[in-house]
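See below for the structure under consideration.
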Amino acid sequence: MTGLERKTGTSVLKTNTPLTKMSEALKARLGSGERIRPHGPDGLTARLMMLTVAFTLLVAGMILVPSASSFQERWLRDRLQAAELASVGVEALPYSAVQDSTAEQLLTIGGVQSVVVGEQGVRRLLLQAPNLPRTPDLIDLRNRSTGSKLIDPWRTLFGHPDRSLRVQATPRYRSGELIEILAPAQPLKLELRTFILNNLMVSVVIALVAGGLLWLGLSFLVLQPLRRVTRSIERFAADPEGIVDTPSDRHDEIGRVERELARMQEEVQQSLRARARLVALGEAVAKINHDLRNMLTSAQIASERLSSSSDPLVAKALPRLERALGRAAGLARNVLEYGKSEEPAPERRRLLLARAVAAAAEDAGLSDEGVRLVANLPSRFVVTADPDQLHRIFVNLMRNARQAIETVQDDRHGQITISAREDDGFAVIHIRDNGPGIPERLAGRLFEPFVSGSKSDGTGLGLTISQELAANHGGQVRLVETGPEGAAFELRLPQIGARTYSDTTELTAAAEAAELTEGERL
């Protein structure tokens with residue numbers, strides 16, 4: 001086997017794939033779609049311009065409706081004022097003394113066809129109205145609803161050419177309760193049309209000017225920064241290994257987008273570098289594993305020959321040697337056959353936690369002369385887990401703790417304390433050491449590949465593997481405490497059928513039911 005395959009997202013990267021090929025694959029994924037092009041008539045710039053003009057015209061239209069209503073009311077009140085002045089001139093002489101030509105001249109000056117004055121409940125016709133082809137529409141300025149005020153100008157604008165208006169209001173310059181005029185609607189219609197057209201022309205000019213100014217502002221504040229962000233994304237898609245653009249020092253949303261984009265690009269580059277290291281590591285492991293498997297086979301043959309030895313020391317150490325060789329051979333076989341980073345599904349068994357901890361402590365290098373193990377475990381505590389995977393979790397955690405303690409340059413005696421309890425269907429196991437603790441800069445990234453909290457020559461994969469193995473069981477490994485007094489990790493495993501046994505007889509029966517021989521009970 002020349003290389004391992006690692007599944008990364010939707011693609012599969014060969015271990016002998018160089019980083020440049022990985023970059024090309026990322027480029028193909030990111031650059032396969034049509035790139036964003038902010039220029040052109042259908043771009044964001046043109047759409048902003050069109051929206052600005054449309055919204056400005058909409059606002060102008062909303063202002064135009066009440067403006068037309070106010071214009072018509074002013075026009076009618078001007079005619080009422082002229083009619084009042086005409087009525088004063090008529091009343092200055094007896095009615096019979098007013099010639100028809102004089103009355104017609106007064107009506108022409110006032111722009112009305114008839115004037116009626118009401119006083120003390122009596123209505124007096126001061127200027128005679130002509131015969132009209134249509135019944136005039138009544139507009140009472142003393143009591144009108146808002147809806148009528150807004151609708152009347154449009155009835156005038158689109159009404160019949162022979163339409164007349166009968167307008168009533170309270171006199172302002174003379175005594176009386178009512179003054180009523182009769183006026184043709186056509187002059188009002190012409191002036192109202194001119195007013196509306198002028199306002200529409202002014203609104204269009206304002207909309208274009210406002211749209212242009214707003215577009216310039218948005219172009220400077222938003223569009224140009226967005227183009228820079230777009231170009232940065234396109235350059236990164238073309239060359240993920242290139243230099244990441246330095247974000248601006250803006251404190252608004254655009255600045256946040258630039259900084260987050262730069263951060264994500266750096267994380268992608270770090271991920272590419274980490275995967276490149278995994279590629280190189282996988283290739284090396286694939287080459288070494290083949291030879292290692294042959295060596296382990298030879299060691300197993302030698303251990304079988306030692307089983308016939310009568311030496312008591314050999315007989316005592318032989319089971320541990322056989323277990324270690326069996327795990328190493330199985331791991332090598334899984335790497336060669338499985339060929340990917342995922343672990344196989346756990347084969348759960350009932351295990352005595354104390355025995356599993358003791359076996360892992362031996363393989364992790366703990367001893368009474370060096371870093372020692374203190375097991376504060378409940379009596380006869382049983383968990384359900386895959387024996388090999390649980391062993392690997394404990395060995396990784398204990399070995400990391402021992403290596404961290406050994407980096408401390410003092411004479412204190414290192415100690416790793418393990419305790420356990422049951423919590424809502426989970427076995428909660430605490431592994432605490434009295435080492436120097438985890439640096440704060442690494443505490444949040446401790447479970448990432450190639451991140452090591454000690455100065456040893458480790459690969460930084462132990463905690464990553466332990467977390468994956470715990471997740472396979474439906475549990476988790478997490479850092480719960482760190483500081484100058486040491487670090488504490490918590491392993492949570494679901495208790496599927498496992499419980500604390502009260503006596504040796506019940507424990508022995510459970511162990512036999514789980515088909516654990518004395519040599520298999522970790």
Side-chain angles (χ1 to χ4, degrees), residues 281 317 319-321 323-325 327-328 331 351-377 381 383 385-420 427-470 475-493 522:
L281 178 62
R320 179 185 173 189
L321 176 61
R323 289 197 303 271
L325 290 175
R327 292 192 187 99
L331 181 60
L351 307 172
L352 294 175
L353 183 60
R355 292 185 180 274
V357 168
E362 292 183 5
D363 289 350
L366 305 186
S367 64
D368 293 337
E369 292 77 16
V371 179
R372 63 190 183 94
L373 173 68
V374 177
N376 297 328
L377 301 175
F381 195 85
V383 296
D386 185 291
D388 290 334
Q389 294 189 9
L390 181 64
H391 182 81
R392 291 169 61 189
I393 294 174
F394 282 146
V395 169
N396 285 330
L397 294 174
M398 293 179 186
R399 182 183 293 118
N400 287 349
R402 177 181 62 81
Q403 292 173 348
I405 293 173
E406 291 175 350
T407 60
V408 181
Q409 302 298 324
D410 57 25
D411 296 329
R412 68 176 177 173
H413 193 63
Q415 178 177 299
I416 298 175
T417 304
I418 294 186
S419 58
V428 183
I429 306 167
H430 284 268
I431 299 95
R432 179 183 297 274
D433 63 71
N434 59 350
I438 307 297
E440 293 184 1
R441 62 183 178 83
L442 298 178
R445 303 174 50 238
L446 200 59
F447 292 94
E448 296 180 7
F450 307 112
V451 176
S452 176
S454 65
K455 297 180 180 179
S456 64
D457 295 332
T459 61
L461 293 173
L463 291 178
T464 305
I465 295 173
S466 299
Q467 186 184 53
E468 182 180 350
L469 295 174
Q476 65 172 342
V477 177
R478 65 187 184 98
L479 176 67
V480 295
E481 184 180 345
T482 183
E485 302 300 323
F489 288 85
E490 178 185 273
L491 170 63
R492 294 178 64 90
L493 296 174
L522 290 185

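All values below come from the heavy atoms of this structure, side chains included, with hydrogens, waters and symmetry mates left out. Remember, predicted model here, so these are calculated numbers, not experimental data.
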Which atoms form the tightest heavy-atom contact between [X] and [Y], and what is the distance?
X      : Y      : value
Pro436 : Ala404 : CD-O, 3.2 Å
Leu351 : Ala385 : CD1-O, 3.6 Å
Val428 : His430 : CG1-NE2, 3.8 Å
Leu353 : Ala420 : CD2-CB, 3.5 Å
Ser466 : Arg392 : OG-O, 4.4 Å

Who passes side-chain hydrogen bond (donor to acceptor under 3.5 Å, both in side chains) against Gln415, sequence neighbours left out?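 Expected list: Arg372, Thr417.
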If the condition is side-chain hydrogen bond (donor to acceptor under 3.5 Å, both in side chains), which residues does Arg432 pass it with, not counting sequence neighbours?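 Only Glu481 meet the side-chain hydrogen bond (donor to acceptor under 3.5 Å, both in side chains) criterion with Arg432.
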Result of checking Val374, Ile429, Asn376, Leu397 against Ile418 for side chain to side chain contact (heavy atoms under 4.5 Å, CB included):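 The single option meeting the side chain to side chain contact (heavy atoms under 4.5 Å, CB included) with Ile418 is Ile429.
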Contacts of [X] that satisfy side chain to side chain contact (heavy atoms under 4.5 Å, CB included) - sequence neighbours left out:
X      : answer
Ala470 : Ile393, Val477, Leu491
Arg478 : Gln476, Val480, Glu490
Ala487 : Asp433, Ile438, Leu479, Thr482, Phe489

Value rounded to 0.5 Å, distance of CG in Leu446 from CG in Leu463: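 Leu446 atom CG to Leu463 atom CG measures 5.0 Å (nearest 0.5 Å).
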Min side-chain heavy-atom separation Met398-Val371 under 4.5 Å: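 Heavy-atom side-chain distance check fails, nothing below 4.5 Å.
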Are Ile416 and Ile405 close enough that some pair of their side-chain heavy atoms sits under 4.5 Å apart?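 A side-chain contact exists here, since the closest heavy-atom pair is under 4.5 Å.
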Would you please name every residue forming a salt bridge (Lys or Arg N to Asp or Glu O under 4.0 Å) with Arg399, sequence neighbours left out?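 With neighbours one apart ignored, the set is empty.
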Does the Thr464 side chain pair with the main chain of Phe447, one donor and one acceptor, at a distance under 3.5 Å?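 It does hold such a pair.
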